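All values reported here derive from a predicted model rather than from experimental measurement.
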Amino acid sequence: MAERAERVEQEEIFSQVLRAGRRTYFFDVRATKADDYYLTVTESKKFTHDDGSFHYQKHKIYLYKEDFTDFKEMLGKATDYILNEKGSEVISERHQKDFKKEDTPTIGDNKTTDSFTDVSFDDI
């Protein structure tokens with residue numbers, strides 16, 4: 001029993017949480033069996049069903065310290081590229097804090113196709 005409690009303590013070495021809308025990112029430092037440390041990054045995304053119930057979908061990556069330098073370099077290059085190319089302004093309306101989903105027009109609405117905006121999949 002003491003071994004199990006010790007293992008639980010190892011799993012709670014260090015943790016950071018980033019809440020980002022429907023997504024939450026967990027950065028957890030854990031220990032290997034040899035008592036070396038590694039990082040897990042978990043993305044948890046909340047999905048709400050029509051009946052109000054919900055579920056979470058999780059994705060996890062494991063990052064070991066021998067990869068930290070290259071990972072940080074590649075992450076930095078990728079994020080710098082995005083900011084240099086597109087700036088820091090969020091383009092997608094659905095990610096704006098005041099976003100309200102509009103009703104989908106139904107057949108019979110007096111709207112013409114002139115009122116629609118041409119959207120590229122890259123914008124989504």
Side-chain angles (χ1 to χ4, degrees):
M1 189 71 162
E3 184 178 315
R4 172 73 178 131
E6 184 178 322
R7 187 68 190 149
V8 170
E9 282 182 29
Q10 287 180 332
E11 291 179 4
E12 297 173 359
I13 294 167
F14 180 82
S15 187
Q16 297 282 286
V17 177
L18 172 62
R19 294 191 190 339
R22 292 187 320 151
R23 300 173 194 272
T24 303
Y25 299 95
F26 299 91
F27 299 84
D28 299 307
V29 175
R30 301 184 183 267
T32 64
K33 290 181 182 179
D35 203 30
D36 202 0
Y37 291 169
Y38 65 98
L39 174 68
T40 62
V41 180
T42 307
E43 175 200 43
S44 179
K45 187 174 179 182
K46 185 177 183 179
F47 290 91
T48 305
H49 304 285
D50 291 339
D51 66 1
S53 65
F54 57 89
H55 76 277
Y56 293 94
Q57 186 177 59
K58 295 182 181 183
H59 297 93
K60 186 177 285 199
I61 63 167
Y62 295 82
L63 188 61
Y64 298 93
K65 64 184 180 183
E66 61 266 24
D67 301 319
F68 286 178
T69 301
D70 291 338
F71 187 89
K72 283 173 62 174
E73 181 183 340
M74 296 297 169
L75 179 63
K77 285 180 179 180
T79 56
D80 288 348
Y81 177 82
I82 291 169
L83 294 174
N84 289 333
E85 292 293 316
K86 296 294 182 181
S88 60
E89 180 184 355
V90 177
I91 297 170
S92 173
E93 290 179 3
R94 72 170 48 179
H95 292 96
Q96 300 295 332
K97 290 181 189 232
D98 60 349
F99 173 73
K100 292 181 182 173
K101 188 174 183 179
E102 293 182 21
D103 292 333
T104 306
T106 58
I107 297 174
D109 283 351
N110 293 329
K111 294 184 180 179
T112 66
T113 57
D114 295 339
S115 66
F116 292 97
T117 303
D118 189 20
V119 177
S120 166
F121 282 108
D122 293 336
D123 295 335
I124 297 176

Would a 4.5 Å heavy-atom cut-off, applied to side chains only, mark I61 and F71 as touching?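 Side-chain contact under 4.5 Å: yes.
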Could you tabulate the donor-acceptor pairs under 3.5 Å formed by side-chain atoms of residues 73-85, not counting sequence neighbours?
| residue | atom | partner | partner atom | Å |
| --- | --- | --- | --- | --- |
| E73 | OE2 | K77 | NZ | 3.1 |
| T79 | OG1 | L75 | O | 2.9 |
| T79 | OG1 | G76 | O | 3.2 |
| N84 | ND2 | D80 | O | 3.1 |

Residues forming a ring-ring contact (aromatic ring centres under 6.0 Å, His included) with H59, sequence neighbours excluded: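 Per chain and number, H59 pairs via ring-ring contact (aromatic ring centres under 6.0 Å, His included) with no residue.
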Residues in ring-ring contact (aromatic ring centres under 6.0 Å, His included) with Y37, at least two apart? none
Can you list the other members of the hydrophobic cluster that holds F54, where links are side-chain heavy atoms under 4.5 angstrom apart? Y56
Which residues end up grouped with F26 if you chain together Ile, Leu, Val, Met, Phe, Trp and Tyr wherever their side-chain heavy atoms are less than 4.5 Å apart?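 Traced through the cluster, F26 reaches V17.
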L63 side, atom CG; E66 side, atom CD - distance, nearest 0.5 Å: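 Between L63 CG and E66 CD, I get 8.5 Å after rounding to 0.5 Å.
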Between CZ of R22 and NZ of K46, what distance do you get to the nearest 0.5 Å? 10.0 Å
Side chain to side chain donor-acceptor pair (under 3.5 Å) against S15, all qualifying residues, sequence neighbours excluded: D28
Contacts of type side chain to side chain donor-acceptor pair (under 3.5 Å), residue K65, not counting sequence neighbours: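 Residues passing side chain to side chain donor-acceptor pair (under 3.5 Å) with K65: D36.
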What pair of heavy atoms forms the shortest contact from R19 to T24, and how long is it?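 Heavy-atom minimum between the residues: NH1-CG2, 3.6 Å.
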Closest non-hydrogen atom pair, I13 against R30: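 Shortest heavy-atom separation between I13 and R30 comes out as CD1-C, 3.7 Å.
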Pairs involving residues 50-60, ordered by first then second residue, that meet salt bridge (Lys or Arg N to Asp or Glu O under 4.0 Å) (sequence neighbours left out): none
